[in-house]
There are 4 protein chains.
Amino acid sequence: MRKVDHDSRRQEVAEAAARLIGREGLEALTTRALAKELGCSIGVLSHYFNSKEEIVIAAFQWADQRIDARMQEAIAGNDPHLDDFFPVIKAGLPLNEESDLEWRVRLNLHTFALTHGESLKTVREKDAQFRDLMLMMIADMQRKGRLRDDIDAQIVTDTAFDLVIGMAQNLVKTPMAGREARSEYLFGLIELLRPLSSNVAKSA
Amino acid sequence: MRKVDHDSRRQEVAEAAARLIGREGLEALTTRALAKELGCSIGVLSHYFNSKEEIVIAAFQWADQRIDARMQEAIAGNDPHLDDFFPVIKAGLPLNEESDLEWRVRLNLHTFALTHGESLKTVREKDAQFRDLMLMMIADMQRKGRLRDDIDAQIVTDTAFDLVIGMAQNLVKTPMAGREARSEYLFGLIELLRPLSSNVAKSA
Amino acid sequence: MRKVDHDSRRQEVAEAAARLIGREGLEALTTRALAKELGCSIGVLSHYFNSKEEIVIAAFQWADQRIDARMQEAIAGNDPHLDDFFPVIKAGLPLNEESDLEWRVRLNLHTFALTHGESLKTVREKDAQFRDLMLMMIADMQRKGRLRDDIDAQIVTDTAFDLVIGMAQNLVKTPMAGREARSEYLFGLIELLRPLSSNVAKSA
Amino acid sequence: MRKVDHDSRRQEVAEAAARLIGREGLEALTTRALAKELGCSIGVLSHYFNSKEEIVIAAFQWADQRIDARMQEAIAGNDPHLDDFFPVIKAGLPLNEESDLEWRVRLNLHTFALTHGESLKTVREKDAQFRDLMLMMIADMQRKGRLRDDIDAQIVTDTAFDLVIGMAQNLVKTPMAGREARSEYLFGLIELLRPLSSNVAKSA
DNA sequence: AATGAATGAGGGTTCATTCAT
DNA sequence: TATGAATGAACCCTCATTCAT
């Protein structure tokens, strides 16, 4: 069978595993439960993964990549505007059933990584990349006068990064109906970053 | 009767369980491992807890209460000043080995709660209480002119709450040495909350 | 403490154990459950019995002796009449709550004995004694013309013995309300043993 | 799929469990002991049974059905004769090693049922069916003049039923060598049921 | 004499993994 | 490829027993 099929099957398994993790927790991800979720036999799993740990990692990656892709989609191009900020962040938050699942899995990953060095390393590398990207965008906006430059770019980055993680963590424990409202305040926060001149211009 | 304080023994067990969770993860908390960590036999555990689940809950509570107590300690009285804000929040963050353990356990709890309704309910209730308390303090400070009142108190609360969770989540994955520096930016943020007059006064 | 107290305490323990066996089965007789049933601590048991097996045996004996005593009570003297037969046997059957418990325990003993040589030996010896006594009584009655002598005494004994065990076994699984009626047929059976002459006399 | 007949494998497990119960008692039926008796690993058991309780029930049923089948085999047809009575009952008694095992297990079931409502219900239903069948056969024989009709059919049934249980209970505690002789008396008892006319004819 | 904390073997059960089919 | 029967280690928990108090 061709490689592409093999890979797409791996993704199916990873997604099913992610569903199980999101719905019932990492401890509920057993080979039997996964086979049932997939509607196949236990033995199939070992054709695509060498161990359960590989499956767990794949499920984590599946969720992670989907959150990233979701945000990437919301980023227009390489010429960032402050007005893009809110949509992009919203795209990264668990504000619908799909991203809710992804975040549940990602939070499992983060907790998992606390005591699993390999995963921790991966998580930290990814985080660092993301933060670097963010930092560059913010500095770029400051250079272009789209974001007030009297606040250190690094501080804005750190704040935004921590805030998003914390928001996601808290939103995912909130009923879906109230999440939009709960995250609305971010909009006001972002306004604080607008350069004073344009601020005035806007409010005028 | 042998002289044993039942409650304090329960706390010892809960603490040992928390150590295991923090060090090796929730999955590593087995009765055997716990007995070993405690330096006693397996059977002891059932004297103090009816099930492993009870032990897990106790460990979660142990950590939770310690973080709360740590913050409580840092709160001077019921007459809050903005200058207390940073120390209080710092007291709540994982900035030393002790609170690092507590936060590792708490993060395990939060992930656990995602798929365990009972725990989720408890977590949400605790969060709600904490947010209410925070909201009242902030509003109080606004009334007393110690915090700028042109920002909605609820927004400040939500921001602070999400930010702290997110910071903790990220700090705990950072080497201890860099954590103080990494959390320093909060100081600047809090300055933004200072009333303009006093801000001027200060900067003057 | 005096011997008599020690012995009476043993009896209390044995009775409590019997209650547990009768109510919930032999497997439910644990040291914890027994201590609770007695309203004392676990440690007490080891003052009166060296092992749980001893307790089990004592419970079995307690029930056995009560059934025997109940029958003994119903036997007038050493000059047996056929008219005594039915009352005596009825006294030996589980026809009220008290004897129901005793029989439940005895049936547990009999099943236990199937795979416990020591107990089997005891049971068989007791059975043999009882059958010998019965045989002598029946032969005596035959000699005195109170029981038809055209049936072998040994056969009557064997029948009666098997029948009583079987009745008890079946009665104990029947609701208490129906047991008297269910055992009534024995009366008719005993009439069959009446010598033909007295039979005629009676029916005349 | 490996070629394994699921149902027949269940029967194998049930039989092995029955052997253990018969040989060492219900308490000796542990999963580990059963796996050893079967010559397989512990995990196999959970492929065929969801719990140990299911295994116990299956073992009980296995024994029960074998006793029933043994008796069924001995029943010629639907036209019962008194001369069939003894062979049929003998077929139901523990007079060889095979039926000895079955009865040991059945007696364990009966004692088990005393404190396990579900099993009790099953046992009582089966008993009731058997007694109904017996009653009909006896009444049939009376109608056809093959069994004296001056004794109530119900009484004969009750007697026979109690007697068989009692005999089995007592035989199984008797060395195999003596059992045939011990049960011989039943033959004489059955003769008492023969209609007087044929009785006369026979004795003449 | 009485208590109940402590022990650790052994209970039923679940699990990831292997492998003959 | 795909199946699911088989494995046995490890899980949580209960147990009879011991023993310091």
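Numbers restart at 1 for each chain; the letters A, B, ... are given by sequence-line order, proteins then strands.
Salt bridge status for A:Arg106 with A:Glu102: absent, with no side-chain N to carboxylate O gap under 4.0 Å. Salt bridge A:Glu37/A:Arg32: absent, no basic N to carboxylate O contact under 4.0 Å. A salt bridge between B:Asp5 and B:Arg9 is absent, with no side-chain N of the basic residue lying under 4.0 Å from a carboxylate O of the acidic one.
Interface residues of residues 26-46 of chain B facing DNA chain E, ordered by number: B:Cys40, B:Ser41, B:Gly43, B:Val44; criterion, heavy-atom separation under 4.0 Å. The stretch residues 13-24 of chain C does not touch DNA chain F, since none of its heavy atoms comes less than 4.0 Å from the strand.
Following rounding to the nearest Å, A:Lys52 (NZ) and E:dT18 (C1') show an atom-to-atom distance of 17 Å. The distance from atom CD of D:Glu12 to atom C1' of F:dA5 is 13 Å, rounded to the nearest whole Å. If you measure from atom CG of A:Asn50 to atom P of E:dT17, you get 10 Å, rounded to the nearest angstrom. Atom CZ in D:Arg10 sits roughly 15 Å away from atom C1' in F:dA5 (whole-Å rounding). Taking atom CZ of B:Arg9 as the reference point, atom P of E:dG4 lies 17 Å away to the nearest angstrom. Between the NE2 atom of B:His6 and the P atom of E:dA5 there is a distance of 7 Å, rounded to whole Å.
To the nearest 0.5 Å, the span separating CG on D:Leu38 from NZ on D:Lys36 amounts to 13.0 Å. Going from atom CG of C:Leu109 over to atom CD of C:Gln61 covers 9.0 Å, rounded to the nearest 0.5 Å. In this structure, B:Thr111 OG1 and A:Ile21 CD1 are separated by 11.5 Å, a value rounded to the nearest 0.5 Å. With values rounded to the nearest 0.5 angstrom, D:Leu26 atom CG is found 7.0 Å from C:Glu27 atom CD.
Remark: the D:Glu53 side chain and the D:His116 side chain contain no N/O donor-acceptor pair separated by less than 3.5 Å.
Consecutive Watson-Crick or G-U pairing (both distances under 3.5 Å) extending over three or more pairs maps onto DNA chain E as E:2-21 with F:2-21.
In this structure, C:Leu101 and C:Ala18 approach most closely via the heavy-atom pair CD1-O, 3.5 Å. When all heavy atoms of B:Ala17 and B:Ile55 are compared, the closest pair comes out as CB-CG2, 3.8 Å.
Close to E:dA5, at under 4.0 Å from its OP1 or OP2, lies no side-chain N or O of B:Tyr48.
Other residues, nucleotides and ligands contribute more than 12 heavy atoms inside 6.0 Å of the NZ atom of C:Lys126.
The base of F:dA6 sits with one of its N or O atoms less than 3.5 Å from a complementary donor or acceptor on the side chain of D:His47.
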